[in-house]
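Input: a single structure, listed below in structure tokens.
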Amino acid sequence: MGEKALYSMLFTTEKQTQRLGFCLGRCLRAGDVVLLTGEMGAGKSVLTRAAARGLGVEGPVPSPTFTILNIHEGHELKLYHFDLYRLEGEDALYEMGLEEYIPARDGASLIEWPQMAQEAMPEDHLAIDIRYAQDGMARELTMTPMGAFDAARVEEMLKMLEDCHEYPDD
């Protein structure tokens with residue numbers, strides 16, 4: 001079995017993160033799971049809100065920090081936006097019955113703080129890690145497709161990013 005592709009990029013503006021998130025949303029399919037890790041305030045929610053726009057979600061996309069899960073209607077797919085920061089392990093996720101949306105048959109699941117319920121996360125996913133770089137003036141974003149999440153999909157998204165010069169909310 002070969003090594004998984006690792007994609008890394010440096011962003012110096014929030015708009016760059018938004019454009020990537022928008023392209024991510026445009027490339028998501030039913031059943032996709034995206035695991036978002038990184039420090040507090042690094043840009044996980046910014047990326048998720050932009051992915052929601054790419055899926056066609058209209059209106060606000062608040063972080064579900066206290067509700068654990070927000071479900072948003074897109075044009076063709078739903079967005080299942082999880083924030084597991086306050087979760088006390090995978091047992092709590094199972095007790096709430098939320099594991100049925102990981103993966104979701106009718107949408108894509110974007111999960112912030114997946115390490116809080118690591119055992120409940122599927123093998124097939126796109127891992128995105130966002131870290132502060134350059135003394136907090138930039139963000140380093142690393143994407144790793146895992147299991148059946150195909151590296152060609154990440155490359156499709158990056159190609160789309162090359163052609164996307166404005167974020168729809170500009």
Side-chain angles (χ1 to χ4, degrees), residues 5-29 32-87 98 101-104 107-118 121 125-146 149 153-170:
L6 185 73
Y7 303 86
S8 186
M9 56 199 71
L10 191 67
F11 290 154
T12 56
T13 70
E14 189 172 282
K15 290 290 181 199
Q16 291 172 309
T17 303
Q18 290 171 326
R19 285 193 298 272
L20 177 68
F22 182 76
C23 294
L24 170 64
R26 300 276 312 268
C27 293
L28 289 173
R29 300 176 188 155
D32 280 347
V33 175
V34 179
L35 305 182
L36 299 163
T37 58
E39 300 163 83
M40 186 77 69
K44 296 178 297 293
S45 293
V46 169
L47 187 77
T48 299
R49 280 191 290 278
R53 296 293 174 251
L55 283 167
V57 173
E58 297 177 9
V61 180
S63 182
T65 302
F66 295 100
T67 59
I68 308 295
L69 170 65
N70 287 341
I71 302 172
H72 303 279
E73 292 287 338
H75 289 304
E76 296 177 22
L77 299 176
K78 291 181 180 178
L79 168 63
Y80 293 87
H81 179 196
F82 290 83
D83 184 333
L84 304 183
Y85 183 73
R86 298 192 182 282
L87 201 68
L98 298 178
Y101 304 115
I102 308 171
S109 301
L110 274 73
I111 305 171
E112 298 183 46
W113 301 99
Q115 64 271 29
M116 303 307 281
Q118 192 64 47
M121 299 301 113
H125 64 269
L126 174 63
I128 299 179
D129 184 63
I130 306 173
R131 299 281 168 196
Y132 290 103
Q134 298 179 352
D135 294 328
M137 301 305 293
R139 303 293 188 270
E140 181 178 10
L141 191 141
T142 305
M143 295 184 289
T144 310
M146 302 294 294
F149 198 103
R153 303 248 323 276
V154 176
E155 290 170 14
E156 172 189 347
M157 178 180 45
L158 295 175
K159 175 67 176 132
M160 188 182 295
L161 181 62
E162 288 177 19
D163 299 330
C164 179
H165 301 291
E166 291 192 27
Y167 177 64
D169 284 349
D170 283 350

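Worth knowing before you read on, the calculation uses all heavy atoms, side chains too, and leaves out hydrogens, waters and symmetry mates. One-based numbering along the sequence shown.
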Subject >> Ser45 vs Glu112, side-chain hydrogen bond (donor to acceptor under 3.5 Å, both in side chains): CA-CA, chis, key distance, verdict >> reply: CA-CA 8 Å; Ser45 293; Glu112 298 183 46; 3.1 Å; yes

**OP:** Take Ser63 and Asp83 through the test side-chain hydrogen bond (donor to acceptor under 3.5 Å, both in side chains) and record every step on the way to the result.
**Re:** CA-CA 7 Å; Ser63 182; Asp83 184 333; 2.9 Å; yes

**OP:** Show your working on salt bridge (Lys or Arg N to Asp or Glu O under 4.0 Å) between Glu162 and Lys159 and close with a plain yes or no.
**Re:** CA-CA 5 Å; Glu162 288 177 19; Lys159 175 67 176 132; 3.8 Å; yes

Original post:
Step by step, would you call Glu140 with Arg131 a salt bridge (Lys or Arg N to Asp or Glu O under 4.0 Å)?
Top reply: CA-CA 5 Å; Glu140 181 178 10; Arg131 299 281 168 196; over 6 Å; no

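By the 6.0 Å contact criterion, CD on Glu14 is open, its count of non-hydrogen atoms from other residues, nucleotides or ligands being 12 or less. Heavy atoms of other residues, nucleotides or ligands lying less than 6.0 angstrom from CZ of Arg153 number more than 12. Counted within 6.0 Å of CD on Gln115, heavy atoms from surrounding residues, nucleotides or ligands total more than 12; the atom is thus considered enclosed. Summarising the local packing, OH of Tyr132 is surrounded by more than 12 heavy atoms from other residues, nucleotides or ligands at distances under 6.0 Å.
Side-chain contact check for Leu20 versus Met157: some heavy-atom pair is nearer than 4.5 Å. Counting only heavy atoms from C-beta outward, the side chains of His75 and Leu55 never approach each other to under 4.5 Å. A 4.5 Å side-chain heavy-atom check between Val34 and His125 finds every atom pair outside the cut-off. Val61 places a side-chain heavy atom less than 4.5 Å from the side chain of His72. Leu84 has its side chain within reach of Ile111: a pair of non-hydrogen atoms, C-beta onward, lies under 4.5 Å apart. In this structure, the side chains of Leu35 and Ile128 stay at 4.5 Å or more apart for every pair of heavy atoms. Considering only heavy atoms from C-beta on, Met146 stays 4.5 Å or farther from Leu126 through its side chain. Contact check for Thr13 versus Gln16: side-chain heavy atoms found under the 4.5 Å cut-off.
Annotation for Cys27 and Met160: closest pair SG-CE, 3.6 Å, computed over non-hydrogen atoms. Residues Leu77 and Gly107 share a closest heavy-atom pair of CB-CA, 4.1 Å. Among all heavy-atom pairs drawn from Arg139 and Ile130, the shortest one is CB-CG2, 4.0 Å. Between Leu87 and Ala117, the shortest heavy-atom distance links the atoms CD2-CB, 3.9 Å.
The aromatic rings of Tyr80 and Tyr101 lie parallel to each other, their planes meeting at an angle below 30°, with 60° marking the opposite boundary.
The side-chain contact (heavy atoms from CB on, under 4.5 Å) with Phe149 is formed by just one residue from the set Val154, Val33, Thr144; it is Val154.
Without hydrogens or angle criteria, Arg49 side chain to Arg53 main chain gives no donor-acceptor distance under 3.5 Å.
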